[in-house]
Amino acid sequence: MSLRVRFAPAPTGRLHVGSARTALFNWLLARKAGGSLVLRIEDTDRERSAEAHTAAILDGLDWLGLDWDEGPLFQSHGLARQADDARRLLKEGSAYRDFTTPEQLRAALGRRGNAGARRVPRALAEELGEAEAECRALAGEPCTIRFRVPEGETVWDDLVHGTLRFANADIEDLVLLRSDGSPTYNMAVVSDDADQRITHVIRGDDHVSNTPKQILLYRALGRPVPVFTHLPMILGPDGRRLSKRQGATAVQAYRERGILAEALVNFIALLGWNPGDERELMERSELVEAFSLERVQRKSAVFDVEKLEWLNGRYLARLGALQLLPAVASRLEAAGREEREERLVALIDLLKVRARTVEELADMAGPYVEEGAIDYEPDAVAKHWAKEPAAVLERLKLLRARLATTAWDTPSLEEATRAAAAQLDVGAGKLIHPLRVAVTGRMHSPGIFDVLFLLGKERSLGRVEDALRRLRELSARVS
Ligand code: GLU
């Protein structure tokens, strides 16, 4: 029988990073094993579910390149079958009717104390008797249907956690059908997974406590029990479960920040899994090849944004400038800056190895596409201008004069700068750093001669002029 897995998100918002990890691990396993991935939208919580949320989840999966083989199926379309399964359990004696109201149940619990509290609804149903229950149900009195948890213990071999055991005495007689006839989560999931012939259930470990209940339901229904795997929690940098408090949790928020889908997939794959060697940068095909549930670790994974950005930088550097052009251009446009495509491509080529995100790349590109005066980074000014503004002023004046008469290509610009340094009898750095601040406003940039070439003669010399003015002010203030 071939492997069948499913990703079963509840449509309650955008695709969360934790859900994306569940989706990815299911996807990797399906692709590796040549099995099928079913996408099932668990939309039975009508108040919270919304079509827009379903669309947002599909959008997130689509962006990450996680395709599915069947679906999207909707849990709400299976309500009749799920309810039929519950009624079958009732007919066969694995479930019973419960007519108690919450108040009656509370009162009964008070009378009986804690001992056997989990079986109180069952005891009340037995007191009532089956014949009476049947009569009341026929008369239309609302009741819930509860599962009759058998004695013994429920054990499964979790592919991540090893053997897990639960004493059935600790499991409540869970409600399968509410009094309005709607199936509960555990009933719906088991009915759907059985109907969809799911062989492996892979989900977050917040579901561990549901699993014994679900296994008992499979057995009562006479359906094969799937293999269960629970993925470790994802923690934020503060050691608490990843939540909005610590930053973005939706996959799409990373897209907006200029993280590439391939980098995010690579990063998410390493949340709780590793290939068994030192590799970190892994393409999708390598992930599929190396993936196995046996290598998923038990301990929680930490969401390390620095690592995500590092990985993203590596992916950025590998992309051609043309591939990055639309994302960078649209960010610049949004900031009211436009640039000729040809020049922007050259600029991206120069900057992409230094940026970790597209957002950073667009930000770095700012000074290069600016027409008017540029802003200077205070740190850069403090370090390369403000310590000896008069001396820097003299050096830059001489340099400007040399640059003004040089052919505007990278080797000539370098030659002119080195000649100026020799004439002044200072190291080339004493010219290059102040010059970088003058033309980019920044402490760091790509090679300064590439920068000058790209900016062009007029813009470069104009900026040196502006810098000279600033330096005059600075030295006047110092003296
Ligand atoms: N719909 C559930 C959730 O979003 C997942 C159910 C399951 O995987 O069994 O947490």
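Just so you know, ligand 1 is whichever comes first in the structure, and atom 1 is the first atom listed for that ligand. Any value given below was found using the heavy atoms of this structure, including those in side chains, with hydrogens, waters and symmetry copies removed.
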| remark: So the atoms of ligand 1 within less than 4.0 Å of a heavy atom of R203 turn out to be 7 (C), 8 (O), 9 (O)
| message | Centroid separation under 6.0 Å, is that true for the rings of Y376 and H384? | response | no
| Any idea which of R40, Q214, R6 brings a heavy atom closest to atom 8 (O) of ligand 1? | R6
| query | Donor-acceptor pair, S76 side chain versus D43 backbone, under 3.5 Å? | reply | no
| said: Between R148 and G93 (side chain of the first, backbone of the second, donor and acceptor by atom type, cut-off under 3.5 Å), is there such a pair? | reply: yes
What residue and atom, counting heavy atoms only, is the protein's closest point to [atom], and at what distance?
atom	value
atom 3 (C) of ligand 1	H207 NE2, 3.7 Å
atom 1 (N) of ligand 1	E42 OE1, 2.6 Å
atom 4 (O) of ligand 1	A10 N, 3.4 Å
atom 5 (C) of ligand 1	A8 O, 3.3 Å

| field | W273 six-ring centre to R21 NZ/CZ under 6.0 Å and within 45° of normal | value | no
| request: Kindly determine whether F147 and N186 satisfy side chain to side chain contact (heavy atoms under 4.5 Å, CB included), including the steps that lead there. | output: CA-CA 11 Å; F147 185 56; N186 281 301; over 6 Å; no
| Y185 near ligand 1 by a heavy-atom separation under 4.0 Å | yes
| message | Looking at D59 and R14, is any side-chain nitrogen of the basic one under 4.0 Å from a carboxylate oxygen of the acidic one? | response | no
